[in-house]
Amino acid sequence: MSNLSISDMARPAPPSPYLEGLNPEQREAVEAVEGPVLVLAGAGTGKTRVLTTRLAHILATGTAQPWQILAVTFTNKAAREMKERVGRIIGEAVEGVPWLGTFHSISAQILRRHAELVELKSNFTILDTDDQLRLLKQIIQAENIDEKRWTPRHLASLIDGWKNRGLLPDQLGEEDKWSFAEGRGQGLYQMYQDRLKTLNCCDFGDLLLHTLHMFKDHPDVLAEYHKKFRYVLVDEYQDTNVSQYLWLRLLAQGTGNICCVGDDDQSIYGWRGAEVDNILRFEKDFPGAHVVRLERNYRSTEHILAAASGLIAANRSRLGKTLWTEDSGGEKVQVRGIWDGEAEARFVAEEIENWSSKGRAYSDSAVLVRAAWQMRAFEDRFIMLGLPYKVIGGPRFFERAEIRDAHAYLRLVRSPEDDLAFERIVNTPKRGIGDTSVQKIAMTARAMGVPMSEAARVMVTTDEIRGKARTALQVFLRDIDRWREQAEHSRLDELAEIVLDESGYTAMWREDKTPQAAGRLENLKELVRSMGEWDTLEAYLEHVALVTDADRASDDDDEVSLMTLHGAKGLEFPLVFLPGWEETVFPSQRSLDEGGTRSLEEERRLAYVGITRARERAIITFTANRMIYGHWQAVIPSRFIDELPVDHVEAKSETGYYDGGPGRESFTGTADPMASSYSSPGWKRYQTNTQSGRKSDPPTINAKATLIESGGSDKTGKWQAGDRVFHDKFGYGTVKKADGAKYTVKFDKAGEKKVVESFLRDLP
DNA sequence: TGGGGGCACCTTTTT
DNA sequence: GGTGCCCCCA
């Protein structure tokens, strides 16, 4: 890569048409190119636009060349979006920005060039969480530690935490050293790191940690990058952890031209090591920093913005911004108290149907929940109604067992020393090579200091493994060799297909008669298809290691989006539902138990992120009864509801919390949830009923049925057998028997033969 | 070696 | 409630 001469740098800036339409603050954020800059960009203030325009501006004015800019994002999606938008602004002239990517992908790029400096080979493998856990489990077992008391998962999260803070095993503080298995945490961490080196592997945390320490230990290499990166841009700065912060600081030391964009009010990844402090301290860390506040919101109505602002004002550790909009008026934020989770799902679905019947698109609406388990009730309801929806950020494609198995086969074909891959698939499908045999292979491999596949090769010639296992192992090794040869002259997707077929892996799922098997086969097909886009196995595996499939979601379909609040960051919808605003659910009790006030503030930021996703309409709901882990619990409204500014909220409750008893009286204004709940007769009644483990019936019967299609002859009068009806609670059904005002109806709901004996008709 | 039953667990998760 | 994991038994 060539360097830029001084004369290039001094070239005067040509006029920039792309600056048109920016407001004064946005423009300032774009044009303040030199020195440290912090852009505090509130929700909906055009953050992405500023970021991309800034990058384009630097390029278009000739201030720097594409390869001299380091632009870091957190997600691949954000990186891709930025690339596209920059390309659109400055046209085809620029062949992309090579150092635009996520912290992890850029670190991986850098690390592969200097792998030997951290005792790795440049073709190191990036481990996923699954591999990581299995490795830790092995280490814990080998150390004879009670793995029930000290779980691999626990150790993994500790190690993750240390890596997030940029700490190597020998840098742990006293407290950390003692935090696992009576002071063995440090030793285990060291063993894990050693093992990774032997296996030529990195976990996610290592990508940053190794790069960071490589820079620290090799100033000459760092200097090289100082020369290379003239401008540093960082997105979502509020979500950086210590290790990323140090990484950035080191790189920015060169020119001092670092621009961080973020919003302290939207920092929601504290539990992953993100430090809001990084953004709160920016001006101290980068003396002379220029701070630009983007406060004009282009997304939401006045009421929505005011409700969100009022809520977030309850947080103490924040820099403080005053968002405003010219979009005055609009609807107030709605708050609804509902009997239980089922009714809540019914309510939301009904609102969406109303919305749709006014000619609005399903894809304009989203349901944002605190935790993934809350999605089920909505999915059930949507499926029953045939309402189109998609779950965003659900079970991940690349984390599915069948995809990992397939990857393990390919990894082993690529590198015989990949023990983790070997262990994973040596007996998948079942070949009769059981745990005992695998243990033997592992022990021999350790003793000989060679990879397991090597050890296995030796062992099939000796008597250590006998009978069926031995033959199976021989066949397996021969297969691997054959595929490795095959890999030389096959396209990637062909190779994958051959390996999956010949290994019997596809057959294994074809013979599996469980309902999930079909989906797994489908996924494998999809995998083979997607591999057609890649030239080398290396490139493909790197891609899947660093990319999650959040980017795979298509947004063309007209579907309601269902996702967690975390998943909703950066998105916006005209209509947003925020269900489950109850103490213990949101704010999450667990989060509060662990992190106290800090966590409460983060939960509040999550609420803030939720409300600010809405453009036109935000609807918050809470229930009186919530099924949690199979138990009914009486719950009280979230404290966040009471923190919403009264003037911007319109509230109604049918649960009796606020109005003192069952009924439908509405309430307005705020109330102390504890006082009003506990003193309310309604509350007491529900609580008693709930304690027995079963909730009582709703205070009002909210279910009714309507005729939707006449199967009988009489279309206007009474229902006939064969008529199709829609019932508020049970969905679609068919009338089986009609006898005066009594009807027997069978409902369609899959797997259920629910019969409601009689109910009143409600015909239009 | 592998399948079935009992049992503990249960947030969020851009990489 | 439901899933994944472990242990025990055939």
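Side-chain atoms are counted along with the backbone in the values below, which use heavy atoms only and exclude waters and symmetry mates. Within every chain, numbering begins at 1; the chains are lettered A, B, ... in the order of the sequence lines, protein sequences first and strands thereafter.
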With a 4.0 Å cut-off on heavy atoms, is [X] in touch with a base, just the backbone sugar-phosphate, or nothing at all?
X	result
A:Lys137	sugar-phosphate
A:Phe103	nothing
A:Ser588	base
A:Ala469	nothing
A:Ser437	sugar-phosphate
A:Arg376	sugar-phosphate

(message) Reading DNA chain B from 5' onward, which residue's closest nucleotide shows up sooner: A:Leu592 or A:Lys569?
(response) A:Leu592
Any donor and acceptor pair, going by atom type alone, linking the side chain of [X] with main-chain N or O of [Y] inside 3.5 Å?
X	Y	value
A:Asn427	A:Lys430	no
A:Arg613	A:Lys569	no
A:Asn315	A:Glu601	yes
A:Glu603	A:Ser588	yes

Quick one: [X] [atom1] to [N] [atom2], roughly how many Å, whole number?
X	N	atom1	atom2	result
A:Asn241	B:dT12	CG	P	21 Å
A:Ile392	B:dT13	CD1	C1'	16 Å
A:Tyr269	B:dT13	OH	C1'	6 Å
A:Arg153	B:dT11	CZ	C1'	12 Å
A:Glu602	B:dT11	CD	P	17 Å
A:His154	B:dC9	NE2	P	14 Å
A:Asp160	B:dT12	CG	P	16 Å
A:Asp128	B:dT13	CG	P	17 Å

What protein N or O atoms touch nucleotides 2-5 of chain B N or O atoms at under 3.5 angstrom, if any, and at what distances?
from	atom 1	to	atom 2	distance (Å)
B:dG2	OP2	A:Asn427	ND2	3.2

(message) Is the phosphate of B:dT13 approached by A:Thr564 (side-chain N or O, under 4.0 Å from OP1 or OP2)?
(response) yes
(message) It should be established whether A:Thr75 places a side-chain nitrogen or oxygen under 4.0 Å from OP1 or OP2 of nucleotide B:dT13.
(response)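 Looking at the OP1 and OP2 atoms of B:dT13, neither is under 4.0 Å from any side-chain N or O of A:Thr75.
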(request) Taking the six-membered ring for Trp and the single ring otherwise, decide whether the centroids of A:Phe215 and A:His114 are under 6.0 Å apart. (result) no
(message) Is the distance from the ring center of A:Trp271 to that of A:His566 below 6.0 Å?
(response)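 Between A:Trp271 and A:His566, the centre distance is under 6.0 Å.
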(request) Could you list where the contact with chain A starts and ends along DNA chain C, reading 5' to 3', using a 4.0 Å heavy-atom cut-off? (result)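 The contacted stretch runs from C:dG1 to C:dC7.
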(request) Taking the side chain as every heavy atom from C-beta outward, state whether A:Lys163 and A:Phe204 have any atom pair closer than 4.5 Å. (result) no
(message) Taking the side chain as everything from C-beta on, heavy atoms only, tell me whether A:Leu120 gets closer than 4.5 Å to A:Asn200.
(response)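 Result yes, sub-4.5 Å side-chain heavy-atom pair found.
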(message) What's the closest nucleotide to the side chain of A:Ala371 if the choices are B:dT13, B:dC10, B:dT12?
(response) B:dT12
(request) Could you tell me which residues satisfy ring pair (Phe, Tyr, Trp, His ring centres under 6.0 Å) with A:Tyr245, sequence neighbours excluded, listed by chain and number? (result) none
(request) Flag as yes if A:Trp271 stacks onto the base of B:dT12 (centroids under 5.5 Å, planes under 30°), otherwise no. (result)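 One would call A:Trp271 stacked on the B:dT12 base.
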(message) Nearest 0.5 Å, please: how far is CD in A:Glu583 from CZ in A:Arg639?
(response)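 The distance works out to 4.0 Å.
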